[in-house]
Amino acid sequence: MSDIEHAKVLILGSGPAGCTAAIYAARAMMEPMIVAGIQPGGQLTITTEVENYPGFRDAIQGPWLMEQMQAQAEHLGTRVHYDHILSVDLARRPFILTGDSGKRYSADSLIVATGAQAKWLGIPSEETYKNRGVSACATCDGFFFKGKKVAVVGGGNTAVEEALYLANLASDVTLIHRRDSLRADKTNQKRFDDHPKTRVLWDSVVEEVLGAGEPKVVSGLKVRNVKNGALDTLAADGLFIAIGHVPATEIFRGQLDMDEEGYIRTAPDSTKTSVPGVYAAGDVKDKVFRQAVTAAGMGCMAALEAERFLAGGH
C-alpha cells in the first residue's frame with residue numbers, strides 16, 4: 001500500500017472548520033493531513049473585510065485570515081495536499097479516498113469539513129458585483145449598508161430572516177420574490193409585515209445588477225415582473241441573495257446519513273456522523289448559523305472527538 005498516503009486523521013476542507021480541526025489534531029500529536037479541496041481556504045477567501053471574527057480590533061481580510069489559519073496548522077505539523085476528493089469508501093477502516101489527481105489516501109479517522117456554497121442567481125452582472133454590493137450573507141456584510149437601501153432575493157425563512165436582520169441596519173429593505181406568497185413560516189412573515197422598513201416586490205426576478213461610481217459598486221437593479229414581463233429599475237446600494245445553500249456532500253451520498261437537503265446529520269452535541277470514526281464540522285452540517293467562528297468551534301470539537309476515538313474511547 002505504498003502508493004497510498006496515510007493519515008491517522010484526514011481532514012477534507014481547508015476553511016475555518018478544517019484548519020481548526022488540524023490545529024487541534026496536530027497539538028494532540030495525531031499528525032493530521034488536510035486535503036484542501038476545490039476552493040482552498042473556503043468561502044472566506046471570496047470575502048473581503050471580516051469584522052466579526054474574534055481577536056482583531058480592526059477589519060481583516062478573509063483570504064489573509066485563512067492564510068494565517070493554514071500557516072498555523074502547518075507550523076504545528078499538518079500536511080496539506082492540494083487535491084480534490086472524487087470518491088470515498090467508508091465501508092471499512094482505514095477509509096480510502098481517491099483524489100482528482102489520481103492519488104489515493106487512507107485514514108483511520110475522517111473529518112468532513114467540505115463546507116457549503118450559496119446558491120446564486122446565475123446572471124453575469126451578479127458575478128461582476130460580488131463583494132461590491134452583492135452578497136449572500138447579511139450577518140457577514142450587513143454592517144456595510146448602515147442607512148442604505150438594500151434588496152434581498154428569496155421567499156423562504158432564510159430570505160425573510162436576512163431581510164429582518166438588514167432592516168435593523170439599512171434605511172429600506174425590499175424583498176424580491178418570484179411568487180405571490182412567501183414560503184417563510186407565519187411568525188417570520190408577521191414580523192416582516194409589521195416592520196416599518198420592509199416591503200415585498202411580488203412575482204419579480206432580478207434581471208440585471210446595475211452599478212455606478214469608480215470603482216463601480218451596486219447602484220440599482222433591473223427587475224422583471226414574471227406575470228406581465230414589465231421591467232422596472234429599483235434603486236439599491238446592496239443586493240443579498242438568499243435562495244439557499246448547497247452543502248458539498250455529494251460524494252458521501254449512501255454512506256453518511258444526511259437530511260433532505262444534503263446536510264450531514266450528527267449526533268446531538270457532537271460532530272459524530274452515522275459512521276464511527278467520521279466527523280462533520282462547519283457548513284457541511286450547519287445550515288442555521290453558517291459563521292466562520294461557529295465552524296471553527298465545530299472543527300475543534302471534531303478533532304477532540306477523533307482523538308478520543310483513536311484512543312479507543314469512541
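Quick note: residue numbers are just sequence positions, from 1.
Of all non-hydrogen atoms in Cys300 and Thr20, the two that sit nearest each other are N-CG2, 3.8 Å. Between Pro16 and Ala292, the shortest heavy-atom distance links the atoms CB-O, 3.6 Å. Across Ile34 and Cys19, no two heavy atoms sit closer than the pair CD1-CA, 4.3 Å. Residues Pro247 and Ala116 approach most closely at CA-CB, 3.6 Å, considering heavy atoms. Across all non-hydrogen atoms, the minimal contact from Ile111 to Ala306 is CD1-CB, 4.4 Å. The two atoms that bring Met69 and Ile23 nearest to each other are O-CD1, 4.0 Å, heavy atoms only.
Under the 3.5 Å distance criterion, the side-chain polar atoms of Lys197 are matched with a main-chain donor or acceptor of Ala167. In this structure, Ser14 contributes its side chain and Ala36 its backbone to a donor-acceptor pair below 3.5 Å. Under the 3.5 Å distance criterion, the side-chain polar atoms of Asn225 are left unmatched by any main-chain donor or acceptor of Ser204. Side chain of Thr273 to backbone of Ala280: no donor-acceptor contact under 3.5 angstrom is found. Between the side chain of Glu307 and the main chain of Ala303, no donor-acceptor pair closer than 3.5 Å is present. At least one donor-acceptor pair under 3.5 Å links the side chain of Thr128 to the backbone N or O of Pro124. Distance alone, capped at 3.5 Å, is enough to place a donor-acceptor pair between the Gln291 side chain and the Phe289 backbone. For Arg132 (side chain) and Lys216 (main-chain N/O), a donor-acceptor pair under 3.5 Å exists by modelled atom type. No donor-acceptor distance shorter than 3.5 angstrom exists from the side chain of Arg27 to the backbone of Tyr24, with no hydrogens or angles considered. In this structure, the side chain of Thr45 does not engage the main chain of Gly41 through any donor-acceptor pair within 3.5 Å.
Leu97 and Phe252 fall within the same hydrophobic cluster, defined by Ile, Leu, Val, Met, Phe, Trp and Tyr side-chain heavy atoms under 4.5 Å apart, directly or through other members. Both Ile60 and Leu44 belong to a common hydrophobic cluster when Ile, Leu, Val, Met, Phe, Trp and Tyr are linked at side-chain heavy-atom distances under 4.5 angstrom. Put simply, Phe95 and Val9 are part of two different groups of oily side chains (I, L, V, M, F, W, Y) that touch within less than 4.5 Å, one to the next. Taking hydrophobic clusters as Ile, Leu, Val, Met, Phe, Trp and Tyr residues chained together by side-chain heavy-atom distances below 4.5 Å, Ile11 does not share a cluster with Met301. Hydrophobic clustering (side-chain heavy atoms under 4.5 Å, transitive across Ile, Leu, Val, Met, Phe, Trp, Tyr) groups Leu110 together with Val35.
Using a cutoff of 4.0 Å between basic side-chain nitrogens and carboxylate oxygens, Glu207 and Lys222 are not scored as salt-bridged. A salt bridge does not link Glu74 to Arg79: none of the charged side-chain nitrogens sits closer than 4.0 Å to a carboxylate oxygen. Taking 4.0 Å as the cut-off between side-chain N and carboxylate O, Arg265 and Asp257 count as a salt-bridged pair. With respect to Arg290 and Asp286, no salt bridge is recorded, no charged nitrogen being found less than 4.0 Å from a carboxylate O. Taking a cutoff of 4.0 Å between a charged side-chain nitrogen and a carboxylate oxygen, Lys227 and Asp203 qualify as a salt bridge. The pair Asp100-Lys103 fails the salt-bridge criterion, with no side-chain N (NZ, NE, NH1 or NH2) lying under 4.0 Å from an Asp/Glu carboxylate O. A salt bridge links Glu261 to Lys287: one of the charged nitrogens lies within less than 4.0 Å of a carboxylate oxygen.
To the nearest 0.5 Å, atom NE2 of residue His177 and atom CD1 of residue Ile243 are 11.5 Å apart. Separating the OG atom in Ser219 from the CG atom in Leu210 is a distance of 5.5 Å, to the nearest 0.5 Å. The distance from the CD atom of Glu208 to the CZ atom of Arg224 is 13.0 Å, given to the nearest 0.5 Å. Expressed to the nearest 0.5 Å, how far OG of Ser87 lies from CD1 of Ile251 amounts to 7.5 Å. If you take CE on Met29 and CG on Leu76, they are separated by 10.0 Å, rounding to the nearest 0.5 Å. To the nearest 0.5 Å, atom OG1 of residue Thr139 and atom CZ of residue Phe240 are 9.5 Å apart.
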### Task
Please assess Thr266 against Lys272 for the test side chain to side chain contact (heavy atoms under 4.5 Å, CB included), listing each intermediate value before the final yes or no.
CA-CA 5 Å; Thr266 56; Lys272 292 178 183 177; 5.8 Å; no
### Query
Between His6 and Met33, is a side chain to side chain contact (heavy atoms under 4.5 Å, CB included) present by the stated rule, with each step listed?
CA-CA 9 Å; His6 183 72; Met33 177 168 62; over 6 Å; no
### Task
Determine, step by step, whether Trp202 and Leu182 satisfy the side chain to side chain contact (heavy atoms under 4.5 Å, CB included) criterion, reporting the C-alpha distance in whole Å, the side-chain angles of both residues, the deciding distance to 0.1 Å, and the verdict.
CA-CA 9 Å; Trp202 301 110; Leu182 297 175; 3.8 Å; yes
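Within the 4.5 Å cutoff, no side-chain heavy atoms of Val150 are placed close to those of Leu239. In this structure, Val284 and Tyr263 have side chains that are not in contact, with every pair of non-hydrogen atoms separated by 4.5 Å or more. Val88 has its side chain out of reach of Thr98: every pair of non-hydrogen atoms, C-beta onward, lies at least 4.5 Å apart. Side-chain contact between Ile176 and Val205 is absent, with no heavy-atom pair separated by less than 4.5 Å. Side chains of Lys285 and Met298 form a contact here, defined as non-hydrogen atoms less than 4.5 Å apart. Between Gln70 and Val80 the shortest side-chain heavy-atom distance falls below 4.5 Å. At least one side-chain heavy atom of Leu121 sits less than 4.5 Å from a side-chain heavy atom of Ile241. Residues Asp237 and Val218 are not in side-chain contact: their nearest non-hydrogen atoms beyond the backbone lie 4.5 Å or more apart.
More than 12 heavy atoms of other shown residues, nucleotides or ligands fall within 6.0 angstrom of atom CZ in Arg253. Counted within 6.0 Å of CD on Gln189, heavy atoms from surrounding residues, nucleotides or ligands total more than 12; the atom is thus considered enclosed. By the neighbour-count criterion of 12 heavy atoms within 6.0 Å, atom CG of Asp269 is sparsely surrounded, having that number or fewer from other residues, nucleotides or ligands. By the neighbour-count criterion of 12 heavy atoms within 6.0 Å, atom CZ of Phe143 is sparsely surrounded, having that number or fewer from other residues, nucleotides or ligands. Counting non-hydrogen atoms of neighbouring residues, nucleotides and ligands closer than 6.0 angstrom, the CG atom of Leu86 exceeds 12 such neighbours. Counted within 6.0 Å of CZ on Arg93, heavy atoms from surrounding residues, nucleotides or ligands total more than 12; the atom is thus considered enclosed.
For Tyr105 and His81, the ring centers sit closer than 6.0 Å to each other.
Residue Val152 forms a side chain to side chain contact (heavy atoms under 4.5 Å, CB included) with just one option from Val200, Val173, Thr158, Thr174, and that option is Val173.
With no hydrogens or angles considered, a side-chain donor-acceptor pair links Glu305 and Ser270 at under 3.5 Å. Counting only N and O atoms by type, the side chains of Gln43 and Asp283 include a donor and acceptor under 3.5 Å apart.
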